[in-house]
Amino acid sequence: MRDALRGRILDGTYRPGDKLPRDADLATDLGCARATVQRAMQDLSDSGLIDRRRKGGTHVRSEPVTRAVLDIPVIRHEIEGGGARYGYRLQARRVAVCPPDVARRMGLAAPHRMLRVRAVHLADDRPYLAEDRWVCPRTVPGILTLDLETHSANEWLVRTTPYSHGEVAFYALGADAPLAAALDCAPGTALMAIERTTWIGAAPITSVVSVARPGYRLGTEI
């Protein structure tokens, strides 16, 4: 159903700016349940081809947006999927008041006490990715009793804490001395940083900056 509707947009049956028929009419036209049309429409909206508004109907976007979906990876699976042996090293764990920039990333009016976790993920005993993570214990209190010497916060959160939405930013930075030591590279080396913050409803879960070793690649489909 989604592919049929997408095909009509791409072949010009529905042109940019056009208002699409009502879901009930499309269901009749295409011989399916209205709920199926609604799921297909939501998928097309998420992919950036259409714009759905309550009481305003559904329109083909005048300037369709191609969106890429990035899943939050379990780093162990990523490393093992590449054929390497996974390892993990906890660098530091402490409860502290988060800095103002972390509070802003989480949408908080003021800094809160949170758990800060710094760790390095290893591939064949070599540094692969370093993460500096703040976790809100008000949202996920179980993180305070987790044995972070043997369990990574990344994997535990992905497995136990569903999120409703998040924000991701990518940028380059030069390795300072501690980061260079963590990733076994020369100070000043250009590295890729992935900054990710997640929420469940209005409650922040975690904000993490993951910095990858030189040569790291991140891909997705569009």
Side-chain angles (χ1 to χ4, degrees), residues 66-94 96 98-107 114-136 139-140 143 146-200 204-222:
T66 299
R67 293 176 179 168
V69 177
L70 289 172
D71 295 325
I72 295 179
V74 173
I75 303 304
R76 178 172 64 84
H77 294 170
E78 185 176 296
I79 290 171
E80 292 175 346
R85 184 179 65 258
Y86 175 72
Y88 165 81
R89 182 168 64 237
L90 177 68
Q91 292 184 302
R93 174 198 186 281
R94 69 187 180 98
C98 70
D101 65 313
V102 172
R104 284 193 298 272
R105 290 204 309 257
M106 290 185 160
M114 296 189 188
L115 178 66
R116 185 182 187 184
V117 181
R118 292 189 295 115
V120 178
H121 301 269
L122 309 170
D124 289 338
D125 298 323
R126 293 188 57 206
Y128 179 84
L129 185 143
E131 64 177 36
D132 187 352
R133 179 186 298 274
W134 291 85
V135 187
C136 183
T139 309
V140 275
I143 193 72
L146 181 67
D147 179 6
L148 290 165
E149 291 282 355
T150 55
H151 299 282
S152 81
N154 160 253
E155 186 163 352
W156 185 82
L157 286 168
V158 170
R159 291 185 179 278
T160 66
T161 311
Y163 64 96
S164 59
H165 61 288
E167 293 181 355
V168 181
F170 303 91
Y171 54 90
L173 54 75
D176 59 14
L179 195 53
L183 291 174
D184 192 21
C185 64
T189 299
L191 302 170
M192 183 174 79
I194 306 168
E195 179 185 286
R196 182 168 49 235
T197 306
T198 55
W199 294 263
I200 182 164
I205 298 171
T206 185
S207 187
V208 57
V209 176
S210 301
V211 183
R213 70 182 181 189
Y216 179 85
R217 294 185 64 190
L218 178 67
T220 187
E221 295 182 356
I222 58 173

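We use all heavy atoms of the structure for the numbers below, so side chains are in, but hydrogens, waters and symmetry mates are not. Since the model is a prediction, treat every value here as computed from it, not as a measurement.
Looking at Ile194 and Phe170, their side chains come closer than 4.5 Å, going by heavy atoms from C-beta outward. With a 4.5 Å cut-off on side-chain heavy atoms, Pro127 and Arg213 do not count as touching. Side-chain atoms of Val140 and Val135, non-hydrogen and from C-beta on, do get closer than 4.5 Å to each other. Side-chain contact between Pro214 and Leu191 is present, with heavy atoms from C-beta onward closer than 4.5 Å. Between Val102 and Arg116 the shortest side-chain heavy-atom distance does not fall below 4.5 Å.
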* Asked: Can Arg85 and Asp124 be said to form a salt bridge (Lys or Arg N to Asp or Glu O under 4.0 Å), step by step?
  -> CA-CA 5 Å; Arg85 184 179 65 258; Asp124 289 338; 3.8 Å; yes
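Going from atom OG of Ser207 over to atom CZ of Arg104 covers 11.5 Å, rounded to the nearest 0.5 Å. Atom CG of Leu157 and atom OH of Tyr163 lie 12.0 Å apart (nearest 0.5 Å). To the nearest 0.5 Å, the span separating CD1 on Ile79 from CZ on Arg126 amounts to 12.0 Å. To the nearest 0.5 angstrom, Glu195 atom CD is 9.0 Å from Glu167 atom CD. From Tyr86, atom OH reaches atom CZ of Arg76 across 7.5 Å, with rounding to the nearest 0.5 Å. Note that CG of Leu148 is 13.0 Å distant from CD of Gln91, once rounded to the nearest 0.5 Å.
The heavy-atom pair separating Trp134 from Thr206 by the smallest distance is O-OG1, 2.8 Å. Of all the heavy atoms in Tyr88 and His151, the pair that sits closest is OH-O, 3.6 Å. Taking both residues in full, the closest heavy atoms of His121 and Ser152 are given as CE1-CB, 3.9 Å, listed atom of the first, atom of the second, then distance. Annotation for Thr197 and Arg105: closest pair CG2-O, 3.7 Å, computed over non-hydrogen atoms. Contact between Cys98 and Met114 at its shortest, heavy atoms only, is SG-CE, 4.2 Å. The two residues Ala193 and Val211 make their nearest non-hydrogen contact at CB-CG2, 4.2 Å.
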Which pairs would a plain distance check flag for residues 172-189, meaning a side-chain donor or acceptor within less than 3.5 Å of a matching protein atom at least two apart in sequence or in another chain?
{"unit_1": "Asp176", "atom_1": "OD1", "unit_2": "Leu179", "atom_2": "N", "d": "2.9"}
{"unit_1": "Thr189", "atom_1": "OG1", "unit_2": "Ala186", "atom_2": "N", "d": "3.4"}
{"unit_1": "Thr189", "atom_1": "OG1", "unit_2": "Ala186", "atom_2": "O", "d": "2.6"}

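Test Val209, Leu115, Val208 against Arg133 for side-chain contact (heavy atoms from CB on, under 4.5 Å) and you get one pass: Val208.
At least one donor-acceptor pair under 3.5 Å links the side chain of Asn154 to the backbone N or O of Pro73.
Remark: Trp199 pairs with His165 by the ring pair (Phe, Tyr, Trp, His ring centres under 6.0 Å) rule, at least two apart or across chains.
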